[in-house]
Colleague: 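Input: one structure, supplied below.
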Protein chains: 2
Amino acid sequence: MLKEERQQTILNEVELHNRILLTDIAESLDVSIDTVRRDVKELDAENKLKRVHGGAISLGFTNKNTRNTNIYALEEKMKIAKKATTLLKDGAVIFIDGGTTCLELVRSIPDNLHLTCFTISLPVAMELSHKPNITVISIGGQVSKESQISIGANAIHNLSEIKVDYSFIGTGYVDAVYGLTEFDWDIVQIKKAVIKASKKTVLLSISEKLNSQHRYKTCDINAINTMITELDPEDSLLGAFKSLDIRIL
Amino acid sequence: MLKEERQQTILNEVELHNRILLTDIAESLDVSIDTVRRDVKELDAENKLKRVHGGAISLGFTNKNTRNTNIYALEEKMKIAKKATTLLKDGAVIFIDGGTTCLELVRSIPDNLHLTCFTISLPVAMELSHKPNITVISIGGQVSKESQISIGANAIHNLSEIKVDYSFIGTGYVDAVYGLTEFDWDIVQIKKAVIKASKKTVLLSISEKLNSQHRYKTCDINAINTMITELDPEDSLLGAFKSLDIRIL
DNA sequence: TTAAAAAATGCAAAAAACAGCAAAATGAAA
DNA sequence: TTTCATTTTGCTGTTTTTTGCATTTTTTAA
């Protein structure tokens, strides 16, 4: 494998999942951790990602304003967001998760819709606050530095006291067999609470995340009522998911 | 095989697979690796592909990354923020209010300080989350669209359950006689809760706000332990406040 | 504070790039 | 066809790059 190719793969992983562990990359690319470390060091020097102890994080999360930053796979995420807005009904009470896909959903919400939106994400809350006709309620808690969402017992407790019509959530990894999985234990806990607080759960995920898994499990795939990807519903990639729930173009 | 023909084959392979290895090409074309190397060198000079160690990659394979650092500085607020940081002690638990002055304070916090920071402000929370060594806890609640802070019963209740060493607050208006006043009823309520949750309250205010008042009262001036402005402590504008509490250069 | 994990550092082996040279191929003119 | 200059190609030895490993230093978390 070429060095440039390897570095491109690392960049893709970082943009896709916002953060990576050197050990994971080394294993999946079958190179030594020293090599990955050197690659990340170079990419950091080129300002392509932010190097942190043990791994790397996407620049999008370290940049101050979320508006003008590059979003990985923006086209696909806009497509997903567009589809998701068709589920929104006037007067609905919904939850919106963190992540760039959900942020794109917020930006796609038509101005004429009256909604009550709960969120654990700081960027989502800020974006929502610029929208007319939307009541925004932020769920407090300890703020995860990587993903800028509220986590911890307080956030989970607050979520336990609400019930929303729809929740729109993202995930780190999704697989038809293993369900939704994450890199981070705390994030799993908060997502579990979100799903519990929802009458219907809608998963927004770009196809690149399909058929991948990680350490910690959020829920089974059948806990999801609707899955939205940028793909055509008949796409073969979605075959494994076809036995369970709704999925929309 | 002609040179042109060989180079075209190489280009096709690059476009098809996005990457090639020199050794593979040399073997499949049955020429020496030096020849392939020379070909790739020429093609790179012609900007038809990107030559890398061990092979070549397609031009459309490179990632672009923009970075904008939009730093704007308000002289007075930076001055106030600088003064306020002298009150910060390592390990302290503090509250930081919303508003641009408090945001400036956050930006002035030295990286070596370990702090636990509560805030009701979304921008402050986001800014804090970029700081190392700081634990950020956002107070949830309904989000005020104008000031992007959490307000309402939930936020006030959450504040009632904490006690911080210092709270750094801003205000709409401040007067030696009338105390701190605001334009907005909800904001007054949340500020009352903040002051109640603080052992010490520090007011950050530019001199422009001195000696002005509005409709709703947050607290008396003596509820404030420290007042910080950009002025020299001996400035005549501060004369009316000289009978009560500390104020720092 | 201590212990574990990660990063930095130095080093050596392998692979690739480079430079120079000579043989082979090419092409033009006699 | 033959001759000769030019280009192309393959080979050799040397230099550079890359990579993994071992050791030391730093960082992190308990």
Side-chain angles (χ1 to χ4, degrees), chain A residues 1-11 13-14 19-46 48-57 62 142-146 151-153 183-187 189 214-216, chain B residues 1-11 13-14 17 19-46 48-57 61 90-91 110-116 129-137:
Chain A
M1 170 176 267
L2 294 171
K3 182 180 157 191
E4 321 290 327
E5 190 186 357
R6 200 178 53 234
Q7 293 190 351
Q8 191 60 48
T9 306
I10 294 172
L11 268 183
E13 282 294 300
V14 169
R19 46 145 70 168
I20 53 164
L21 287 182
L22 297 193
T23 52
D24 288 345
I25 295 295
E27 191 182 349
S28 71
L29 294 183
D30 198 31
V31 290
S32 81
I33 193 148
D34 302 76
T35 301
V36 179
R37 187 170 290 124
R38 273 184 279 243
D39 285 338
V40 168
K41 201 171 181 178
E42 282 181 29
L43 291 168
D44 179 73
E46 293 166 21
K48 303 265 188 169
L49 48 71
K50 173 119 191 279
R51 188 180 178 216
V52 296
H53 193 90
I57 58 177
T62 64
Q142 184 164 343
V143 176
S144 158
K145 286 184 184 299
E146 294 79 23
I151 57 175
F183 169 92
D184 187 306
W185 176 251
D186 288 318
I187 290 179
Q189 304 315 311
H214 214 278
R215 278 200 183 90
Y216 306 120
Chain B
M1 171 174 279
L2 295 175
K3 185 179 164 189
E4 292 294 323
E5 188 183 350
R6 199 178 52 235
Q7 293 193 351
Q8 192 55 53
T9 307
I10 293 173
L11 268 183
E13 283 294 301
V14 169
H17 298 116
R19 80 204 136 102
I20 53 164
L21 298 180
L22 296 195
T23 51
D24 288 348
I25 295 296
E27 190 180 353
S28 71
L29 295 184
D30 197 31
V31 290
S32 82
I33 192 136
D34 302 77
T35 301
V36 181
R37 185 170 292 123
R38 272 184 277 246
D39 284 339
V40 167
K41 203 169 183 177
E42 283 181 28
L43 291 168
D44 179 72
E46 293 166 22
K48 304 298 283 176
L49 48 70
K50 179 156 181 233
R51 185 184 179 216
V52 298
H53 192 92
I57 58 176
F61 218 64
D90 201 63
D111 281 351
N112 60 346
L113 276 182
H114 296 69
L115 297 171
T116 300
S129 74
H130 298 128
K131 288 254 168 189
N133 303 325
I134 292 189
T135 302
V136 188
I137 294 145

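The sequence lines fix the lettering, A, B, ..., with proteins before strands; numbering per chain opens at 1.
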Colleague: Using the side chain to side chain donor-acceptor pair (under 3.5 Å) rule, pick out the option among Lys3(B), Arg37(B), Arg51(B) that qualifies with Glu42(B).
Modeller: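 Among the candidates, only Lys3(B) passes.
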Colleague: Given salt bridge (charged side-chain N to carboxylate O under 4.0 Å, His left out), test Asp24(A) with Arg215(A) step by step and report yes or no.
Modeller: CA-CA 11 Å; Asp24(A) 288 345; Arg215(A) 278 200 183 90; 3.6 Å; yes
Colleague: May I have the distance from Ile33(B) (atom CD1) to dA14(C) (atom P), rounded to whole angstrom?
Modeller: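 To the nearest whole Å, that distance equals 18 Å.
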Colleague: Mapping Gly54(B) and Thr23(A) onto DNA chain C by nearest heavy atom, which one lands closer to the 5' end?
Modeller: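 Per heavy-atom nearest nucleotide, the more 5' residue is Thr23(A).
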Colleague: Between His53(A) and Arg38(A), just flag the one whose closest nucleotide in DNA chain C comes earlier from the 5' side.
Modeller: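 This one resolves to His53(A).
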Colleague: Do the side chain of Asn133(B) and the main chain of Leu113(B) share a donor and acceptor less than 3.5 angstrom apart?
Modeller: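 Answer holds: no.
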Colleague: Counting heavy atoms from C-beta on, name the nucleotide in dC18(C), dT9(D), dT19(D) closest to the side chain of Arg51(B).
Modeller: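 Nearest to the side-chain atoms of Arg51(B), counting from C-beta on, is dC18(C).
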Colleague: For the pair made of CG in Asp34(B) and C1' in dA22(C), what is the distance, rounded to whole Å?
Modeller: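 Distance check: Asp34(B) CG to dA22(C) C1' gives 14 Å.
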Colleague: How about Arg6(A) and Thr35(A): do any of their side-chain heavy atoms sit closer than 4.5 Å?
Modeller: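 Sidechains of Thr35(A) and Arg6(A): in contact.
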Colleague: DNA chain D: Glu42(B) or Val36(A), which has the more 5' nearest nucleotide?
Modeller: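 With Glu42(B) and Val36(A) compared, the 5'-side residue is Glu42(B).
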Colleague: Rounded to the nearest Å, what distance is computed from the CD atom of residue Glu27(B) to the P atom of nucleotide dA16(C)?
Modeller: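 For the pair Glu27(B) CD and dA16(C) P, the rounded distance is 12 Å.
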Colleague: With hydrogens left out and only the distance checked, is there a donor-acceptor pair under 3.5 Å joining Arg37(B)'s side chain and the base of dG10(D)?
Modeller: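 There is none.
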Colleague: Whole angstrom is fine here: how far is it from CD in Gln7(A) over to P in dT17(D)?
Modeller: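 In whole Å, dT17(D) P lies 15 Å from Gln7(A) CD.
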Colleague: To the nearest angstrom, how far is Leu22(B) atom CG from dT16(D) atom C1'?
Modeller: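 Interatomic distance, CG of Leu22(B) to C1' of dT16(D): 15 Å.
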Colleague: For the pair made of CG in Leu2(B) and P in dA24(C), what is the distance, rounded to whole Å?
Modeller: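 My rounded result for the distance is 20 Å.
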Colleague: Can you check whether Ser32(B) has a side-chain N or O nearer than 4.0 Å to OP1 or OP2 of dT9(D)?
Modeller: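 Ser32(B) to dT9(D) OP1/OP2: no side-chain N or O under 4.0 Å.
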Colleague: Check whether any side-chain N or O of Lys145(A) sits under 3.5 Å from a backbone N or O of Lys131(B) as a donor-acceptor pair, and report yes or no.
Modeller: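 Yes, because the side chain of Lys145(A) sits within donor-acceptor range (under 3.5 Å) of the backbone of Lys131(B).
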Colleague: What's Val40(A) touching, base or sugar-phosphate or nothing? Going by heavy atoms closer than 4.0 Å.
Modeller: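 Touches nothing.
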Colleague: Rounded to whole angstroms, how far apart are CG on Asp44(A) and P on dA7(C)?
Modeller: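 Distance, rounded to whole Å: 12 Å.
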Colleague: Rounded to the nearest angstrom, tell me the gap between atom NZ in Lys41(B) and atom P in dT9(D).
Modeller: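 From Lys41(B) NZ to dT9(D) P: 15 Å.
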